[in-house]
Amino acid sequence: MPKLTIDNIPVEVPEGTSVLEAAQKAGIRIPTLCYLKDVQAIGACRVCTVEIKGARTLVASCSQPATEGMEVKTNTRRVRQARRTVVELLLSEHDGDCQTCNRSEDCELQAVARELGVKDITYPGAKAARFRDTSTPALTRDTAKCIACRRCVTVCNNVQGVAALWAQNRGFKTVIGPAFCQNLDEVVCVQCGQCGAVCPVGAITEKDHIAAVWEALDDPNKHVVVQTAPAIRAALGECFGYPPGTRVTGKMTAALRRLGFDGVFDTNFAADLTIMEEGTELLMRLKHALVDSKKGGGNGHKDDHHTPGPLPMFTSCSPGWIKFLEHYYPDMTANLSTCKSPQQMFGAVAKTYYAQKIGKKPEDIFVASVMPCTAKKYECQRPEMNDSGVQDVDAVLTTRELARMIKQAGIRFEQLPDEKMDAPLGISTGAADIFANTGGVMEAALRTAWEIVTGKPLPFENLHVQPIAGLEGVKEASAKITGAKPEWSFLEGAELKVAVAHGLGNARKVIEAVRSGQKQYHFIEVMTCPGGCIGGGGQPRLTTNDHRLARIRAIYEEDEHRELRKSHENPAVLQLYKEFLGQPLGEKSHKLLHTKYVARTKV
């Protein structure tokens with residue numbers, strides 16, 4: 001435990017703590033730009049420089065270890081001038097369009113400049129070359145705004161393991177982007193948006209769908225409905241000054257009504273529907289593996305319209321993860337659940353079942369989604385997502401975009417009353433809420449599958465499978481099945497083994513362990529983004545682990561306050577099957593709610 005002084009304040013910290021972290025412990029703020037807590041500390045921007053007694057030059061506090069007896073000064077004239085010079089140089093080449101940039105309200109470069117008292121562009125000169133990349137459905141890149149902090153490079157390479165972005169050239173000519181300065185659609189990019197989530201400026205942002213939604217709302221011939229993902233209710237409040245993890249479900253619903261949507265619904269409804277389909281699919285795969293294959297064939301279910309796929313079965317709710325597997329492990333696409341994501345299930349149901357109920361044609365209904373995820377913008381445009389006869393989901397707003405729409409409409413969010421969502425597509429259970437968290441889809445599926453097999457609740461305290469909760473990158477759980485119903489007797493005594501991974505780098509670890517035979521699982525949940533959807537690329541910036549944990553707690557609280565906490569108890573979903581779909585994995589549900597995946601190349 002080294003002891004040091006920072007601005008004459010004594011501090012004692014664990015071995016390996018950086019000077020920046022030690023200063024934070026002492027209650028001293030040091031400005032940063034390239035630093036990402038728990039992810040990156042490379043000292044690239046030099047904004048966090050400090051003066052250390054005995055050192056010849058100023059040092060970057062984010063990468064400098066705190067040592068015994070060190071004397072640090074963070075606010076000398078030399079330090080202030082150095083920081084100001086660094087920011088002035090960054091501003092001199094930053095072509096930011098600050099008057100119209102959508103990062104004006106939360107631009108970290110602007111904030112640091114204000115904090116350091118920068119009032120003029122001291123070094124006018126050449127600007128970085130501007131190249132706008134709008135090649136993908138989800139993301140927009142603007143090289144003129146980039147400050148070469150390398151946050152996006154670190155996240156894309158070290159966290160996600162995708163490696164779509166790299167630093168190229170040197171000095172003033174440095175460009176951050178795909179190899180050989182290609183467009184994003186020319187390389188493997190899963191469009192998760194984690195690059196944009198960590199970008200301190202507006203160099204990488206989501207592709208804006210706000211105009212398309214306003215246009216639909218203004219069209220008297222369109223019946224416009226909206227669905228909101230579970231992660232939104234634990235994060236939207238941050239855009240209006242609420243602490244991270246504040247649940248704003250009721251105010252969010254009220255705001256959507258005031259924006260003019262004809263139906264305010266919940267993706268949670270479709271999450272419960274997903275569990276009905278996915279849980280049944282898992283059981284069919286288990287039956288096929290344990291019984292039918294030993295008998296020399298069989299498709300596992302008399303009304304199933306496809307042969308059950310192999311084990312382990314992977315979840316299919318996260319479109320960035322789907323694209324990752326299609327590119328890097330195309331031979332394992334059969335292991336993906338054939339279920340569409342809740343977003344896409346909702347769109348298909350809204351333009352068929354709901355359309356019939358209200359007497360509308362599918363083409364007259366406009367479905368907007370509010371998602372924590374930029375990859376959902378890509379997903380809704382996949383060519384196979386049109387089983388309603390038209391594009392099932394028409395536009396996707398991120399959490400940030402919804403906040404901008406609310407502000408554009410002049411709605412005072414904090415003054416809104418709490419309202420409830422519309423029926424029937426707004427009715428859901430607590431199992432659907434926890435889809436937002438890493439481990440949540442797995443837990444929701446187990447709540448239903450276990451009860452189908454045994455007739456008893458999942459044998460974990462308060463229905464929470466603790467081993468797969470939290471922010472550990474890869475998590476495992478197992479449970480021995482006892483007391484199986486007669487029709488499921490083949491599972492009696494079986495040890496059900498599951499795994500959860502969040503962040504695509506961790507997904508790669510799980511896949512490689514399965515391929516090598518090191519690990520055996522029956523069911524694996526993968527979420528593209530760290531923390532799951534609560535840490536999605538479209539959530540309020542900047543998402544740290546503290547933010548993730550606060551949002552996770554809020555989602556679990558939402559679940560625990562529910563009267564219904566298992567997907568198979570959702571009365572609206574049961575009514576949907578009775579009136580329209582028939583049964584899980586039946587002919588109609590297979591057509592509307594399931595899909596196939598594509599083996600893609602790596603380039």
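In what follows, residues are counted from 1 in the order of the sequence shown.
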Residue pair [X] / [Y]: nearest heavy atoms and the distance that separates them:
X    : Y    : value
Q343 : C380 : NE2-CB, 3.9 Å
A368 : F261 : CB-CE2, 4.1 Å
Y378 : P319 : CE2-O, 4.4 Å
L593 : M345 : O-CE, 3.4 Å
V465 : A477 : CG1-CB, 4.0 Å
A271 : A432 : CB-CB, 3.6 Å

Working for side-chain contact (heavy atoms from CB on, under 4.5 Å), residues R508 and Y328
CA-CA 9 Å; R508 190 186 291 275; Y328 286 101; 3.7 Å; yes
Pairs involving residues 245-256, ordered by first then second residue, that meet salt bridge (Lys or Arg N to Asp or Glu O under 4.0 Å) (sequence neighbours left out)
R247-E557, R247-E558
Could you tell me whether [X] and [Y] have a side-chain N and a carboxylate O separated by less than 4.0 Å?
X    : Y    : answer
R447 : E443 : yes
K340 : E278 : no
E281 : R285 : yes
E326 : K323 : no

Run L336 and L325 through side-chain contact (heavy atoms from CB on, under 4.5 Å) and show every step you take.
CA-CA 9 Å; L336 286 166; L325 190 82; 3.3 Å; yes
With no hydrogens and no angle check, do the side chains of [X] and [Y] hold a donor and an acceptor under 3.5 Å apart?
X    : Y    : result
E401 : H209 : no
Q227 : S369 : yes
S135 : N183 : no
T205 : T140 : no
E206 : T374 : no
D272 : T429 : yes
E560 : H464 : yes
Q344 : S341 : no
T438 : R548 : no
R553 : N437 : no

Okay, side chain of [X], backbone of [Y]: is any donor-acceptor separation there less than 3.5 Å?
X    : Y    : answer
R141 : D133 : no
W321 : E525 : no
K377 : V396 : yes
T17  : P14  : yes
S18  : E21  : yes
R103 : C199 : yes

Are [X] and [Y] close enough that some pair of their side-chain heavy atoms sits under 4.5 Å apart?
X    : Y    : result
I176 : T143 : no
N335 : P312 : yes
F324 : T528 : no
R551 : T543 : yes

From the list T267, L236, I232, side-chain contact (heavy atoms from CB on, under 4.5 Å) partner of V370 resolves to I232
For E495, does the CD atom sit with more than 12 other heavy atoms under 6.0 Å from it, leaving out its own atoms?
yes
So does K207 have more than 12 non-hydrogen atoms from other groups sitting under 6.0 Å from NZ?
yes
Sorted by chain and residue number, the salt bridge (Lys or Arg N to Asp or Glu O under 4.0 Å) partners of D208 (sequence neighbours excluded) come out as R404
Looking at F240, does the NZ or CZ of K407 lie under 6.0 angstrom from its six-membered ring centre and within 45 degrees of the ring axis?
yes
Does NZ or CZ of K497 come closer than 6.0 Å to the centre of the six-membered ring of F523, within 45° of the ring's axis?
no
Ring pair (Phe, Tyr, Trp, His ring centres under 6.0 Å) partners for Y597, two or more places apart
none
Residue pair S104, N102: steps toward the side-chain contact (heavy atoms from CB on, under 4.5 Å) verdict:
CA-CA 6 Å; S104 290; N102 69 15; over 6 Å; no
Please step through side-chain contact (heavy atoms from CB on, under 4.5 Å) for the pair C48 and S61, ending with a clear verdict.
CA-CA 6 Å; C48 69; S61 62; 3.4 Å; yes
Quick one, E115 with R29, criterion salt bridge (charged side-chain N to carboxylate O under 4.0 Å, His left out). Give me CA distance, side-chain angles, the key distance, then yes/no.
CA-CA 11 Å; E115 183 179 347; R29 170 177 160 72; 2.7 Å; yes
